[in-house]
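First comes the structure, then the notes that go with it.
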Amino acid sequence: MTTYVVATAFGGPEVLSVREEHLAEPGSGEVLLDVRAAGTNPVDVKLYSGNMGADESTMPMRLGFEVAGVVRAVGADVAQVSSGDEVIAFRISGGYASQVLVPAAALVPKPEEASWEQAAGLMLAGTTAVHALAATAVRTGDTVLVHNASGGVGLMAVQIAKARGAHVIGTAGEGRHQFLRDWGVQPVEYGPGLADRVREIAAYGVDAAIDLVGTDEAVDVSLELVADRQRIATIAAFERAQRDGFKALGGGPGADPGTELRDAARLELVSLVEEGQLEVVVDESFALTDVAAAHQKVLKGHTHGKIILVP
Ligand SMILES: NC(=O)c1ccc[n+]([C@@H]2O[C@H](COP(=O)([O-])OP(=O)(O)OC[C@H]3O[C@@H](n4cnc5c(N)ncnc54)[C@H](OP(=O)(O)O)[C@@H]3O)[C@@H](O)[C@H]2O)c1
């Protein structure tokens, strides 16, 4: 028996429902996982909000693109894992569950250094961060401006950029500045006057900018401070990217999905965690059955790290 979450209609977190069902045995190329933790992402909330389309045929909608768990059973033609292995599954569907059937190709080993909650939150934000840094060609000696440095993706991006030898300036609310400083990031408060505050601390200018929030402010400041538009990327301001000629990444209109690059980044992320160069920051964990409360928190837009569900 598995416990799982569905959105029953388009709307807010009140449409979420917790259900139970029997799962089939894993088929060819499939693996049955006991989920120890499931990662949430803002897109999970957006998908059933109605803002990304409201096709009733997608209801009831299962949620959850990433989990960490233990292999319980494997189907035919699965050689890479066996029962008892500790793994991360990404990118999957229906991960908000106590058990889930996943394609074996979605599995990578769970790094021992990460807790279940950390492992569950590593992949969607981490692969997005790797994609953003690759798209803007961030390398040793660069100064990169990261808008929304204290969110799920931002906390990955700043660590990976530092590991690559870049100098990082990150926007965040005042309350997160000391945390970022401790990681070697120069924090700056977002809001009016942002461009001047960045200029003051960027002694050698800004080589690249990564927008992880999608506000006009983040886009305008990036365009003002970075000379080469090929070194500006957004994961949220898709219309502005098309209009102003910079890069959009991920699943939005006109964006580069970067599928191959993101798939390849999964093992790189596992290595970075194993080497102690990347830590997944968990803001809060909720019981799977408290999914509506977890999503209320995501909706407020001021989380500082990953929100995780534990079955
Ligand atoms: N295209 C893709 O491939 C892709 C992939 C992942 C995520 N996304 C999207 O990218 C966005 C960020 O994702 P996430 O998971 O990092 O989100 P998140 O963790 O929910 O972001 C929360 C953070 O946003 C900060 N924030 C709020 N208003 C801000 C502003 N005006 N300027 C700068 N920072 C601000 C908050 O900082 P304070 O609390 O300090 O205010 C908070 O730390 C979401 O829209 C998500 O859907 C896109």
Side-chain angles (χ1 to χ4, degrees), residues 39-49 51-52 63-66 90-91 120-136 145-160 169-181 185 187-195 197-198 209-222 233-242 246-259 261-263 265 269 280-284 294-308:
T40 77
N41 290 281
V43 69
D44 303 346
V45 184
K46 291 178 189 176
L47 278 170
Y48 68 86
S49 69
N51 293 334
M52 291 176 77
L63 304 170
F65 292 116
E66 55 182 335
F90 175 74
R91 180 178 179 117
L122 174 61
M123 288 295 161
L124 196 144
T127 56
T128 305
V130 170
H131 190 191
L133 292 166
T136 51
L145 172 62
V146 177
H147 298 277
N148 184 2
S150 63
V153 181
L155 288 166
M156 306 276 186
V158 299
Q159 292 179 82
I160 300 167
I169 298 173
T171 75
E174 173 79 42
R176 297 303 282 170
H177 285 197
Q178 192 51 48
F179 183 91
L180 290 170
R181 256 183 227 113
V185 174
V188 59
E189 196 151 3
Y190 60 81
L194 175 61
R197 288 193 292 283
V198 174
I210 297 175
D211 164 36
L212 307 177
V213 64
T215 56
D216 280 335
E217 173 186 85
V219 171
D220 292 339
V221 169
S222 300
T234 183
I235 63 167
F238 300 109
E239 282 175 24
R240 287 294 310 265
Q242 281 182 319
F246 60 94
K247 293 182 177 179
L249 313 175
D256 168 16
T259 310
L261 190 148
R262 291 185 186 214
D263 279 352
L269 291 164
V280 180
V281 179
V282 174
D283 178 308
E284 191 172 353
H295 276 197
Q296 289 290 2
K297 181 159 180 170
V298 171
L299 263 176
K300 288 195 179 117
H302 294 286
T303 52
H304 301 129
K306 301 302 300 182
I307 300 297
I308 303 295

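When a ligand or atom number is given, it counts from 1 through the structure's own listing order.
Of all the heavy atoms of V153, the ones lying under 4.0 Å from any atom of ligand 1 are found in both the backbone and the side chain. When heavy-atom distances to ligand 1 are checked against a 4.0 Å cut-off, M52 has no atom that comes that close, whether in backbone or side chain. For K46, every heavy-atom contact with ligand 1 shorter than 4.0 Å involves the side chain, none the backbone. Using a 4.0 Å cut-off between heavy atoms, V213 contacts ligand 1 through its side chain alone, with no backbone atom that close. Residue contacts with ligand 1, taken as heavy atom pairs separated by less than 4.0 Å, involve L249 solely via the backbone atoms N, CA, C and O. When heavy-atom distances to ligand 1 are checked against a 4.0 Å cut-off, N148 comes that close through both its backbone and its side chain.
The shortest N/O to N/O separation between R176 and ligand 1 does not fall below 3.5 Å.
Ranked by closest heavy atom to atom 7 (C) of ligand 1, the top entry among N41, V281, I235 is I235.
A side-chain N or O of H147 and one of S222 form a donor-acceptor pair less than 3.5 Å apart.
A 4.5 Å side-chain heavy-atom check between L63 and H295 finds at least one atom pair inside the cut-off.
For the pair D283 and K297, the salt-bridge criterion is met [side-chain N within less than 4.0 Å of a carboxylate O].
The shell of residues lying under 4.0 angstrom from ligand 1, judged by heavy atoms, includes R262. For D283, the closest heavy-atom approach to ligand 1 does not fall below 4.0 Å. Ligand 1 lies nowhere less than 4.0 angstrom from a heavy atom belonging to V298.
Shortest non-hydrogen contact noted between A241 and T234 is CB-CG2, 3.9 Å. Of all the heavy atoms in A157 and L133, the pair that sits closest is O-CD1, 3.7 Å. Annotation for A149 and G170: closest pair CB-CA, 3.6 Å, computed over non-hydrogen atoms.
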Would T171 and V213 satisfy side chain to side chain contact (heavy atoms under 4.5 Å, CB included), going step by step from the backbone distance to the final call? CA-CA 10 Å; T171 75; V213 64; 5.9 Å; no
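The CG atom of D220 lies 4.5 Å from the CZ atom of R240; values are rounded to the nearest 0.5 Å.
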